[in-house]
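These notes concern the structure reproduced below.
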There are 2 protein chains.
Amino acid sequence: MTGQVRTVDGRVAGRRGQATRQKLLDCLSEMLSSSPYRDVKVIDVARKAGTSPATFYQYFPDVEGAVLEIAEQVATEGAALTELLEGRSWTGKAGWQTAQELVDGFLEFWRKNDAILRVVDLGAAEGDKRFYKLRMKILNSVNNSLADAVAELQAKGRVDKDVNPAAIAGSLVAMLAAVASHQKGFSSWGVKQAELKPNLALLVHLGVTGRKPTK
Amino acid sequence: MTGQVRTVDGRVAGRRGQATRQKLLDCLSEMLSSSPYRDVKVIDVARKAGTSPATFYQYFPDVEGAVLEIAEQVATEGAALTELLEGRSWTGKAGWQTAQELVDGFLEFWRKNDAILRVVDLGAAEGDKRFYKLRMKILNSVNNSLADAVAELQAKGRVDKDVNPAAIAGSLVAMLAAVASHQKGFSSWGVKQAELKPNLALLVHLGVTGRKPTK
DNA sequence: TCGGTAAGCTGACGTCATGACAGGACAAGT
DNA sequence: ACTTGTCCTGTCATGACGTCAGCTTACCGA
């Protein structure tokens, strides 16, 4: 399934080559964290990796191509987010805890990968299919689980019929992602990190179940 | 208050100059809509405006500087969003209508300015103070009004005391903005525009009042 | 009508990133 | 040591960046 790693001109990459390739990806990751996406240049990434620009172009068509690669790796890690929701209950006190843990886990994941996720978000918003497929892939696990939870409650008659589970789930996930991206904005608004989380959890709980949590 | 428009080298811009300046801004706006931010070059903007790159640099330090200018204009328009909430009620059927109209108005505003707002969002997420101040300025009207609404209901005892109005308002606004940016993502998820809005309104209503709307 | 002055624009230039190629360096097997 | 295929880089043409001096245009007072 995982096709061999190949250079742009078709050669298969060996041990050493893969190492350089990965080093370039790592350096690019770092650069994305420390400077605006618009200003990340191939030459800087190459310098940081202790190699030449030509080497970069041997492995990636351009910066965007390398970013997609990193995002792919993040997407794989992101699959683990399902565990935050797998087999959880949304009723009673357990429901409140589920919401809290989801918020916690999600924000943590976003914080750890904020630089790359920012770029994916931008690409997706700009309408680039590759990026928004990737964004879907990353958010899929959480999104599906949430939608399932809503649909299940709906089947039991505990949530109104005219609610669209996918729309609710998607909106909640978008909210989590957006808030995670702009945490600094909140703090300059007078809302502290610690205060933010329970309020987010409240919104998630309300959205999924339609009711206030019992704490 | 509104300082005169000046060129980079300090001259005051006259009628003709302001026209060129505005033309450059308009062309930049268009370019942002049609190509990725990363690929927008000064030379293209200048060409599109029927002028030379040097002229661009007479009015703006770089692309980013010009973007800030456009965003400033959008922020001014954004102040009108307050009207969506000014003097509205959040109780009974009126509450449901308030939520619907807010969602409608907000999405429309975002749709009309999506290109520039995307860039502002990116800049803010990257931690650039100028951008996230601008983002706050744009969202302030809605955010404050929402926070006030929550605080008011809270004072009446209709919302729990441990809710932080600013956090709730900020999260809801972030959600609206994020969903607006990624509407295409939803449709490829099987959620239609028309279905999305009422579900968003539901979430807003739930968030503000803590209760399901009466329709 | 006629300069004078400031605004407005651009050609040209040095600098730097891009992306391609050909060829040298290197490791591994024989 | 020799061959083979991988891996890296020097070099180059191209084109964007950002600056400057200098030309053109518009305005204004005499």
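Below, chains carry the letters A, B, ... as their sequence lines are ordered, and counting in each starts from 1. Not measured: the values here are computed from a predicted model.
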Is [X] near enough to [N] that one of its side-chain N or O atoms lies under 4.0 angstrom from OP1 or OP2?
X     : N      : result
B:R15 : D:dC27 : yes
B:T7  : C:dG8  : no
A:T20 : D:dC7  : no
A:T55 : D:dC8  : no
A:Y57 : D:dT9  : no
A:S52 : D:dC8  : no

Nearest-angstrom distance from the residue atom [atom1] of [X] to [atom2] of [N]:
X     : N      : atom1 : atom2 : answer
B:R47 : C:dT10 : CZ    : P     : 13 Å
B:R38 : D:dC17 : CZ    : P     : 12 Å
A:Q18 : D:dT6  : CD    : C1'   : 12 Å
A:Q58 : D:dG5  : CD    : C1'   : 13 Å
A:D39 : D:dC17 : CG    : C1'   : 13 Å
A:I43 : C:dG19 : CD1   : C1'   : 12 Å
B:F60 : D:dT19 : CZ    : P     : 15 Å
B:D9  : D:dC20 : CG    : P     : 10 Å

Please classify the nucleic acid contact of [X] as base, sugar-phosphate, or nothing, using heavy-atom distances under 4.0 Å.
X     : value
A:F56 : nothing
B:R11 : base
A:Y59 : sugar-phosphate

Would you say the side-chain atoms of A:D26 and A:Q22 include a donor-acceptor pair closer than 3.5 Å?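 Present: a donor and an acceptor within the cut-off.
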Check: B:E69/B:Q73 side-chain N/O donor and acceptor closer than 3.5 Å: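 There is no such pair between these side chains.
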Taking NZ, NE, NH1 and NH2 as the nitrogens, is one of them in B:K41 or B:D39 under 4.0 Å from a carboxylate oxygen of the other?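 Judged by the 4.0 Å cut-off on N to carboxylate O distance, B:K41 and B:D39 do not form a salt bridge.
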Using 4.0 Å as the upper bound for N to carboxylate O, is an ion pair formed by A:R118 and A:D121?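 Here A:D121 does not pair with A:R118 in a salt bridge, since their nearest N and O are not under 4.0 Å apart.
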Options C:dA20, C:dT10, D:dC7, nucleotide nearest the side-chain atoms of A:R16: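 So the side chain of A:R16 is nearest to D:dC7.
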Between C:dG19, C:dC21, C:dA17, spot the one nearest the side chain of A:A54, thanks.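 Given the options C:dG19, C:dC21, C:dA17, the side chain of A:A54 is closest to C:dC21.
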So A:Y37 and B:R38, side-chain contact (heavy atoms from CB on, under 4.5 Å) or not? Walk me through it. CA-CA 7 Å; A:Y37 179 45; B:R38 199 168 195 283; 3.3 Å; yes
